[in-house]
Amino acid sequence: MRLSQYFLPTLKDTPAEAQIASHRLMLRAGMVRQSSAGIYSWLPLGLRVLKKIEMVVREEQNAIGCHEVLMPTIQPADLWRKSGRYDDYGPEMLRFVDRHERDMLYGPTNEEQITEIFAEAVRSYRELPQMLYHIQWKFRDEVRPRFGVMRGREFLMKDAYSFDLDGAGARRSYNKMFVSYLKTYERLGLKAIPMAADTGPIGGDMSHEFLILADTGESEIACHRDFLEMSLINQSIDFDGDLQPIVDRFTGKYAATDEMRNLETEKALGEDLVTARGIEVGHIFNFGTKYSKPMGASVAGPDGQDVAVEMGSYGIGVSRLVGAIIEASHDENGVIWPDSVAPFQAGIINLKSGDGDCDNVCEDIYRKMRNLGVEVLYDDRDARAGAKFADADLIGLPWQIIVGPRGVKNGVVELKNRKSGDRDELSLEAAFSKISG
RNA sequence: CGGGAAGUAGCUCAGUCUGGUAGAGUACUCGGCUGGGGGCCGAGCGGUCGCAGGUUCAAAUCCUGUCUUCCCGACCA
């Protein structure tokens with residue numbers, strides 16, 4: 001992409017309404033613009049990041065045999081009356097009436113919708129287990145939206161739903177999702193820690209929140225030091241095998257959100273206790289037959305008797321992750337994207353646009369990188385070097401190829417790594433191999 | 001929903017206390033000089049001062065109402 005032809009309205013000043021780092025940087029980097037409180041438009045750069053996160057999430061869901069669907073944003077109130085939640089949900093649910101005087105709502109979540117779809121289609125235990133997910137915009141009319149896209153009213157969420165014949169099956173589905181989430185967050189460059197969550201009236205130990213650590217997190221958390229070292233990266237996981245050992249490993253040590261903390265346990269941990277601030281980026285939940293019973297989602301079991309299916313739901317806040325990743329990874333100059341979600345893998349900074357030699361070298365690099373399939377943003381604007389550096393750092397290009405008269409004369413380019421700040425003078429070939437490497 | 005703050009040029013803000021021709025920086029346009037970390041000089045463009053009432057000869061400024069946004073708290077299946 002040539003920057004001179006792109007739509008990237010970066011800001012030097014921080015708009016007054018933005019207080020926290022991710023909100024400030026998303027506005028300054030031209031990723032989003034606020035429409036009204038908690039509702040945002042996504043501009044090209046922000047949308048690229050959103051789509052990349054979405055893609056990672058999608059791939060990991062597909063990898064465990066969860067099938068993608070797409071349910072509507074608008075749902076009929078009757079659906080929610082069936083589950084009893086129409087009255088329970090409160091003013092967070094945006095309700096309205098269509099032209100035929102039917103009560104409608106903008107979905108804050110989709111348990112009812114998916115349960116109806118499932119109930120209508122599945123009759124036999126032989127068709128179980130089943131897992132379905134979608135990535136869709138939701139709306140919750142928060143009393144007080146804040147933190148930019150992290151606590152918006154309209155937000156993009158991946159929500160998945162599992163259907164099993166019995167508790168043991170539900171546990172297997174839950175474990176699949178649990179491990180899948182660990183992988184997903186690692187791929188997104190995040191350290192996510194699963195923490196036991198309040199299961200409300202359902203009870204049991206089958207609910208976890210996934211929190212990432214960031215100094216500006218919304219709540220205080222505490223966990224065992226070992227969590228900082230745990231990783232699944234480079235491990236091939238057999239999702240059809242027994243996942244309980246992995247789940248046990250990630251739930252065996254102490255980890256608690258604000259309201260779940262136990263001071264005695266923490267005292268006993270001593271030096272091994274870590275306290276930090278966290279941002280919730282996912283929540284998985286087993287709720288048994290809470291929806292399947294009232295919504296009539298039952299199947300014929302092996303004995304021919306109908307049984308209500310055991311269900312679970314599994315959410316990842318996709319749009320929230322954009323902000324969360326920035327909170328976890330930025331400096332005073334701008335965003336530092338993990339490679340997997342960076343809007344562009346590399347940038348070319350032409351320090352002297354209009355200079356024949358510099359232009360030629362940049363064009364050459366630009367063409368070659370595109371041929372190699374590298375997503376590259378070429379800053380071909382007629383702007384000062386300083387302005388180009390500032391924008392490149394602001395939007396967080398992981399690799400920056402800096403082309404100036406000095407290097408061109410010597411047949412080298414300068415390669416800067418956004419994260420480390422390291423700058424090396426290299427041949428073009430060497431730079432390419434570093435970027436792709 | 002309780003408490004607090006702010007709405008003036010695209011953006012960041014001054015001016016409001018003490019009423020009297022609408023300001024600065026930045027961005028943008030044009031010209032010139034520049035060219036390795038958000039340049040310099042000059043000339044321009046750009047504002048129903050959130051909105052509605054009221055007081056006054058006169059309101060960005062005082063009064064009343066209202067809308068919007070932000071912050072703290074409560075809330076966040």
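Lettering follows sequence order; numbering is per chain, from 1.
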When the C1' atoms of rC63(B) and rA27(B) are compared, how many Å lie between them, rounded to an integer? 37 Å
Round to the nearest Å and state the distance from R381(A) atom CZ to rG35(B) atom C1'. 15 Å
I'd like the P distance from rA9(B) over to rG46(B), given in whole Å. 15 Å
What does rC40(B) pair with, Watson-Crick or G-U, if both distances are under 3.5 Å? rG32(B)
Whole angstrom is fine here: how far is it from CD in Q34(A) over to P in rG10(B)? 18 Å
Would you say the base of rG35(B) and the side-chain of D355(A) have a donor-acceptor pair closer than 3.5 Å? no
Measure from CD on E17(A) to C1' on rU12(B) and round the result to the nearest Å. 12 Å
Distance in angstrom units between L11(A) CG and rU12(B) P, rounded: 8 Å
On RNA chain B, nearest-nucleotide positions of T14(A) versus S36(A): which is more 5'? T14(A)
Hey, is the side chain of R146(A) poking within less than 4.0 Å of OP1 or OP2 on rC70(B), counting only N and O atoms? no
Using a strict threshold of under 4.0 Å (side-chain N to carboxylate O), is an ion pair present between E142(A) and R153(A)? no
R144(A) side chain, from C-beta outward: closest of rC1(B), rU12(B), rG38(B): rC1(B)
Rounded to whole angstrom, note down the C1' distance from rG7(B) over to rU48(B). 15 Å
Any base atoms under 4.0 Å from A16(A), or only sugar-phosphate, or nothing? Heavy atoms, all strands. sugar-phosphate
What does A385(A) touch in the nucleic acid at a heavy-atom separation under 4.0 angstrom: a base, only the sugar-phosphate, or nothing? sugar-phosphate
Using the P atom as the reference point in each nucleotide, state the distance between rG47(B) and rU68(B) in Å, no decimals. 26 Å
In whole Å, what is the span from the CZ atom of R418(A) to the P atom of rG37(B)? 17 Å
As its Watson-Crick or G-U partner within any shown strand, both distances under 3.5 Å, rU64(B) has rA52(B)
Between R81(A) and D78(A), does any NZ, NE, NH1 or NH2 come within less than 4.0 Å of an OD or OE carboxylate oxygen? yes
Check every atom of rC1(B), rA77(B), rC76(B) against the side chain of E92(A) and return the nucleotide holding the closest atom. rC76(B)
Under-4.0 Å side-chain N/O to phosphate OP1/OP2 contact, K12(A) with rA27(B): yes
Assess whether a salt bridge exists between K52(A) and D339(A), defined as any Lys/Arg side-chain N lying under 4.0 Å from an Asp/Glu carboxylate O. no
If I take atom NZ in residue K352(A) and atom P in nucleotide rG37(B), what distance separates them, rounded to the nearest angstrom? 14 Å
Return no unless some side-chain N or O of R384(A) is found under 4.0 Å from OP1 or OP2 of rC40(B). no
For rA5(B), the nucleotide meeting Watson-Crick or G-U wobble distances (both under 3.5 Å) is rU69(B)
Please confirm whether the ring centroid of F285(A) lies under 6.0 Å from the ring centroid of Y314(A). no
Whole angstroms only, please: what is the CD1-C1' distance between I348(A) and rG36(B)? 17 Å
Answer with yes or no whether D393(A) presents, from its side chain, a donor or acceptor under 3.5 Å of a partner atom in the base of rG37(B). yes
Kindly indicate whether the side chain of R423(A) and the base of rG37(B) share any N or O donor-acceptor pair separated by less than 3.5 Å? yes
Using the P atom in both, what is the distance from rG44(B) to rC11(B), to the nearest Å? 24 Å
Would you call E54(A)-R58(A) a salt bridge at under 4.0 Å N-O? yes
Hey, which sits more toward the 5' end of RNA chain B by its nearest nucleotide, N333(A) or P145(A)? N333(A)
Salt bridge (charged side-chain N to carboxylate O under 4.0 Å, His left out) partner of D393(A), the single match among R28(A), K388(A), K416(A): K416(A)
Once you apply the 3.5 Å cut-off to both distances, tell me the Watson-Crick or G-U wobble partner of rC76(B), or none. none
I'd like to know if K388(A) reaches the base of rG35(B) with its side chain such that a donor and an acceptor end up less than 3.5 angstrom apart. no
For rG10(B), which nucleotide is its Watson-Crick or G-U wobble mate, given both distances must be under 3.5 Å? rU26(B)
Please state whether the base of rG38(B) and the side chain of R28(A) form at least one donor-acceptor pair under 3.5 Å? yes
Below the 4.0 Å mark, does rU69(B) have OP1 or OP2 next to a side-chain nitrogen or oxygen of Q19(A)? no
Please give the distance between the C1' atoms of rC13(B) and rU8(B) as a whole number of Å. 9 Å
Can you tell me, in whole Å, how much space there is between the P of rC71(B) and that of rC33(B)? 48 Å
Quick one: I402(A) CD1 to rG35(B) P, roughly how many Å, whole number? 19 Å
What's the gap between rA60(B) and rG20(B) when it is taken at their P atoms, as a whole Å value? 9 Å
So what does D382(A) touch, heavy atoms closer than 4.0 Å: a base, only the sugar-phosphate, or nothing? base
With a distance cut-off below 6.0 Å to the six-membered ring centre and an angular limit of 45° from the axis, does R423(A) pair with F389(A) as a cation-pi contact? yes
Between D159(A) and Y161(A), does a side-chain hydrogen bond (donor to acceptor under 3.5 Å, both in side chains) hold up when you go through it step by step? CA-CA 7 Å; D159(A) 42 322; Y161(A) 304 90; 2.4 Å; yes
